[in-house]
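Report on the structure given below.
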Amino acid sequence: MLKQESKVIQTAKSLLYDRALVKLDNSFVGAIAAIALQPEPDLNYTEVFIRDNVPVMIYLLLEGKSEIVRHFLEMCLELQSHDFPTTGVFPTSFTEINGEIKVDYGQRAIGRVCSVDASLWWTILAYVYVQWTKDEAWALSFKVQSGLEKLIDLILQPSFRDAPTLYVPDGAFMIDRPLDVWGTPLEIQVLLYGALKSAIALMALPGKNQDEASTQETLGLQKIKKIKVGINWLKQLRSYLLKHYWLNGNIVQTLRKRPTEQYGEAVINEYNIQTETIPNWLQSWLKNQGGYLIGNIRTGRPDFRFFSLGNCLGAIFDVTSYSQQLAFFRFLITNQNELCAEMPLRICHPPLEENRWKYFTGYDRKNLPWSYHNGGHWPCLFWFLVVAVLRQKEISPDAKNPSEILEIEALLNKNYELLLYRLPKQKWAEYFDGPTGLWVGQQARTYQTWTIVGLLLVHHFLNFPEDSHILSLPSLKFFHDLELRLG
Ligand code: GLC
């Protein structure tokens, strides 16, 4: 490691361990969102957010500090809502005020947005923890099993819609302000896919290694029914996402020729989408190079914007096939001047501008075009891309790697150097503004924890690519076999 690199990594580590991690009951319980420079609380940035702690917990697992991760998971579990109508929901964030824990399920948040992703992330993190530490005793405990069932009950409930997607209000995930991301935004759907896989694998643990009869006896009919509904749901969800969200040059051509006003089961254009909704910017953006999952599908109003996190997670959780993942990498290489530029990665593209910005964000000054969630650049997103690429490379280390992998690896290394150089200079800012991400975000916090830990993770995975499987979830074959065993 170069001297300069080692210095930056050391600084990042001490910021995490000495300044960001906080204690509850005398032991570490998670990290605050941003290290406060002044003693007064800074809105909610001094709280422990579940989503901001995902990279923190992954890093702590890699560092062998699994007891902190377990404490964090248990604290969130204790805070899972028991009250109607939020029963089963995990909080967006929590904090201690005068010896009491204050929780936010959305009743305190700016604009009263609710975070659906926190509950899905908790489930995925619980699986990752168990898989990494082999702490099955924890997973089998009554509190964990009943927490999982409560969450599954919340997700798989009857509804008015006949689609395997999860319907949410605007701003229900990392993008937690209005940005026309209501309905079935990509990030929520891929997290749902990951959470279903994780919850089912953990719920079926008690019957592991047993034959059909004993599995049925151990799990009980009620639980088996839920597991079966869950497996069916996740299979349908994947087919649905690949059918409606996956886009490449050829698919655009086909979509442009679709008939409209069709009624009945066997139709081509289920959501009655007019050709004019397909934006012209797709031509230069997509070219004939690769593909990606679009932002949202809704009746008559698809969202063709590109969202980085949903696409990286789509690859990591294997929503997309191996060849689609390569196509996604090709797409990223082609558009690296937009998506990485001076600060990887841009959160979404293109931004909402002019009247669309006014109308859809409600004149939100934080989300001005090319700023914050509306086309801003977030360094905390880059490690997800690193994991998506390296786990593919690790699957067949002997095989000749396709050119996409080799080229994108070069992109990873180049951007790691950029982060290493810029982040300490810019005080580990939360996000960056402008078409290339050169300017520090207008309202960006400094010493933002997931910016700091994001760099530590990139550094770790580039040095130990074999660890990139930490976020890998069970394959569809696992669920197929489980179904057979459940009878
Ligand atoms: C902002 C971000 C959100 C993040 C929170 C704490 O609200 O939009 O994604 O979790 O800050 O960092």
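Keep in mind that this is a model prediction, so the values were computed, not measured.
- Under the salt bridge (Lys or Arg N to Asp or Glu O under 4.0 Å) criterion, Asp180 pairs with Arg298, Arg301, not counting sequence neighbours.
- Proximity of Asp176 to Ser115: side-chain heavy atoms (C-beta onward) are nowhere separated by under 4.5 Å.
- Residues passing the side-chain hydrogen bond (donor to acceptor under 3.5 Å, both in side chains) test with Lys235 are Glu483, sequence neighbours excluded.
- Looking at residues two or more places apart in sequence or on another chain, you find a salt bridge (Lys or Arg N to Asp or Glu O under 4.0 Å) between Glu47 and Arg108.
- Below 30°, between 30° and 60°, or above 60°: for His373 and Trp378 the angle between ring planes is below 30°, a parallel geometry.
- Not a single side-chain hydrogen bond (donor to acceptor under 3.5 Å, both in side chains) links Lys257 to another residue, sequence neighbours left out.
- Residues meeting the ring-ring contact (aromatic ring centres under 6.0 Å, His included) test with Trp122, sequence neighbours left out: Phe90.
- In this structure, a donor-acceptor pair under 3.5 Å is absent between the side chains of Thr320 and Tyr245.
- A donor-acceptor pair shorter than 3.5 Å can be found between the side chains of Ser81 and Thr86.
- Residues satisfying the salt bridge (Lys or Arg N to Asp or Glu O under 4.0 Å) test with Asp170, not counting sequence neighbours, are none.
- With 3.5 Å as the limit, one finds a donor-acceptor pair spanning the side chains of Asp211 and Ser214.
- Ring-centre distance between Trp450 and Phe49: not below the 6.0 Å cut-off.
- Side-chain contact check for Glu430 and Tyr45: at least one donor-acceptor pair (N or O, by modelled atom type) lies under 3.5 Å.
- Each of Phe306, Trp285, Tyr292 was evaluated against His349; a single residue qualifies, Trp285, per the ring pair (Phe, Tyr, Trp, His ring centres under 6.0 Å) test.
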